[in-house]
Asker: 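Starting off with a structure, shown below.
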Amino acid sequence: MEIHLIFTKNNKLKLSISNNAHQHGNFKICFSLVYSIQDVDGGKISKKVGRYYEIFSEQDEIIFTLQKPRIGSYNLSCGPEGLFIIGKNDEKLECKINVLKFEDPIPEIIYSNDQENKFDPVIPVPFISNLKKETIQITNSEFKISSSEKNFFKNFNNFVKVSDIKFNTSIGHPIVFIKKNLETDEYKIVIDKKIITIHYSDYGGKFYSIITLIQLINFYKSKLPLGSIEDKPSLGWRGMHLDCARQFYSIDEIKRLMDYMCFFKLNRFHWHLTDNEAWRVELASYPKLTKIGSFRGYNENIPPFYGTGYNKTGGYYSRSQIKALTDYAKQRNIQIMPEIDLPAHSWTLLQVMPELRDSSSNIISEDVGNYPNNTINPAIDETHVFLKNILEELSEIFSFNIIHVGVDERPKESWEGSPKVIEYMKKNNITSFDELQDDYMNIIINILKNSNKLTAAWNEAALPPHNEIGSAGSAGKIDKSCIIFAWEHPDVGLMSAKKGFKTVLCPGHKTYFDMAYNNSTYERGICWAATIEVREVFEWKPIQDYETNDLVNILGIQGQLWSETITNKDYFDQMINPRLAALAEIAWCSKAKRSWSQFRSSLINNLEFLTKLGWKFHNF
């Protein structure tokens with residue numbers, strides 16, 4: 001059997017079957033999509049969970065009408081992923097799947113080659129750079145360090161091993177560190193004929209000084225310019241998020257991302273560990289969550305969402321792995337904030353622990369991703385026990401003082417029809433479901449306070465939803481200690497700050513790296529928020545509309561990689577890079593301090609070095 005896939009000129013998805021030795025009606029076609037099926041001609045949906053589908057057909061051709069993207073066209077991420085065929089005896093049939101084609105393709109973008117001869121080679125560009133034309137010769141790229149600094153310099157081994165740089169304790173141009181009273185992550189490098197002096201106050205400043213020095217040496221090679229660099233960040237929270245629920249990434253793959261992050265001076269890793277599709281963090285209090293909820297496949301409790309395919313695949317993170325990754329991150333001046341996405345986005349959790357829903361409820365709700373009944377019930381005693389247990393255990397596992405608890409995209413009708421909710425609301429004088437969400441949030445905030453942790457959540461935890469996608473939000477009654485991640489729209493961040501919440505800005509139209517770069521059919525990514533080119537990230541001015549009183553509540557900015565479209569790990573780097581580098585420049589400076597062509601020239605200069613680290617990238 002052979003499957004042919006094509007997007008037609010009128011934007012229909014056509015699936016054709018050839019060389020078919022099996023009787024129609026005796027097999028079903030199984031796959032996942034990133035856009036929902038709205039209509040099927042030539043077949044019928046026999047099973048749907050989220051955007052995983054099983055299709056029966058009596059014909060050799062099936063035409064699907066899909067949810068329409070905002071740009072009006074589809075790309076390589078939009079076809080069926082993880083496709084397999086199941087026969088009448090529930091066995092997997094042999095099948096050849098041809099490459100997705102387009103009847104009316106949109107060509108790839110050809111980028112202009114903006115470059116300049118004079119540019120600062122460091123990314124992010126330093127606060128003040130006073131480097132002179134006069135240089136010193138560095139023999140064999142050797143630098144002498146104190147023997148007491150030997151362990152510190154081991155943190156740069158991944159960078160040093162792909163370069164000619166040698167940090168020795170015996171020979172080379174001396175590097176000395178002097179501790180001064182500087183701001184967080186601030187440093188000063190003074191390059192003299194006889195010595196390199198580095199002033200720093202904390203670990204971050206010391207670490208970033210060497211990152212800058214490595215970038216300088218990579219550019220100037222054996223002839224370093226004399227002079228000084230004084231540098232400090234404008235924003236304290238310079239983050240990157242990774243969705244490990246939709247796709248499972250190994251610890252080594254996450255470490256590679258952290259290497260990219262620290263090279264560009266990003267300091268917060270937002271680790272998205274649970275969602276509708278999986279539960280990835282091992283908890284002693286509920287071992288079944290990972291035993292059942294971290295694996296997917298045709299014969300598993302959790303179906304093969306987002307390209308997983310027929311076979312059992314997946315994984316989870318053990319306590320020992322999390323400890324090792326936390327240590328690795330801290331050595332790179334990165335703190336890890338875990339996210340457990342509740343009360344919605346909990347379809348997999350509820351397959352393992354159905355007692356967290358009111359079984360007597362007569363309402364079937366569905367979220368924007370088409371997951372039915374995916375929201376835990378805050379009026380159930382088991383829910384309160386569950387929340388206390390998992391939040392206390394997470395507080396033990398993760399050393400950072402912030403835990404993210406989700407609270408996005410709760411379906412408006414998720415708690416309707418629940419007798420237990422009605423009883424709870426009467427007992428506690430709660431008049432709306434949004435007030436009930438606030439009550440739920442305040443319980444979580446207090447649990448985490450007792451563990452000396454702060455609570456973080458998406459913007460629906462504190463505000464009404466901005467997007468009309470059938471979701472609910474807050475009645476405005478949650479504790480102001482909650483940190484808000486403003487994702488829906490730029491206006492949401494401003495609203496959050498004005499209401500007195502500490503806020504991280506991460507609007508989808510600038511920071512969601514799962515968005516396609518442009519509308520070419522040969523791109524990957526989705527586009528509900530926007531298409532996002534590297535230059536558009538670079539030209540973002542995240543805090544330009546903020547008054548001084550509001551700015552005190554802005555912690556910083558963060559990039560996100562949601563993983564629905566990362567059905568092959570080869571796509572991972574090209575979705576992140578080089579948008580990550582542009583975001584890091586803005587996070588450090590709060591807005592661009594140099595021209596696009598100067599930044600682009602600096603990035604091009606770093607490509608050879610970065611490529612040796614394994615860094616793959618999209619054209620820009």
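It should be emphasised that the depicted structure is a prediction, and the values quoted were computed from it without experimental measurement.
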Asker: Validate the cation-pi geometry between R535 and Y111: distance from NZ or CZ to the six-membered ring centre under 6.0 Å, angle to the ring axis within 45°.
Answerer: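 No; the conditions do not both hold, so R535 does not lie above the ring face of Y111.
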Asker: Would you say the rings of Y249 and F572 are close, in the sense that their centroids are separated by under 6.0 Å?
Answerer: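 Ring centroids of F572 and Y249 are less than 6.0 Å from each other.
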Asker: Thinking salt bridges, do E460 and R410 make one under a 4.0 Å N-O criterion?
Answerer: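 Salt bridge absent between E460 and R410.
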Asker: Please evaluate residues F538 and W540 with respect to the criterion ring pair (Phe, Tyr, Trp, His ring centres under 6.0 Å), reporting the C-alpha separation (whole Å), side-chain torsions for both, the decisive distance (0.1 Å), and the verdict.
Answerer: CA-CA 6 Å; F538 178 79; W540 181 36; over 10 Å; no
Asker: Which label fits H272 and H270: parallel for a plane angle under 30°, tilted from 30 to 60°, or perpendicular past 60°?
Answerer: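 Ring orientation, 0 to 90° scale: tilted.
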Asker: Give the minimum heavy-atom separation between G239 and L583, together with the two atoms involved.
Answerer: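 For G239 versus L583, the nearest heavy atoms are O-CD2, 3.7 Å.
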Asker: When rounded to the nearest 0.5 angstrom, what is the spacing between CZ in R246 and OG in S32?
Answerer: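 R246 CZ to S32 OG: 12.0 Å, rounded to 0.5 Å.
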Asker: Locate the shortest heavy-atom distance separating C78 from Y35; write the atom from each residue and the value.
Answerer: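 Distance-wise, the nearest heavy atoms are SG-CE1, 3.5 Å.
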Asker: Indicate yes or no: does R256 engage D573 in a salt bridge with an N to O separation below 4.0 Å.
Answerer: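 Judged by the 4.0 Å cut-off on N to carboxylate O distance, R256 and D573 do form a salt bridge.
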Asker: Hey, do the aromatic rings of W271 and H404 have their centres closer than 6.0 Å?
Answerer: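 Between H404 and W271, which both carry aromatic rings, the centre distance is not below 6.0 Å.
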Asker: For E277, is there an ion pair with R51 - N to carboxylate O distance below 4.0 angstrom?
Answerer: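 No, no charged N to carboxylate O under 4.0 Å.
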Asker: Salt bridge or not between K616 and D570? Use side-chain N to carboxylate O under 4.0 Å.
Answerer: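 Result for this pair is no, no salt bridge flagged.
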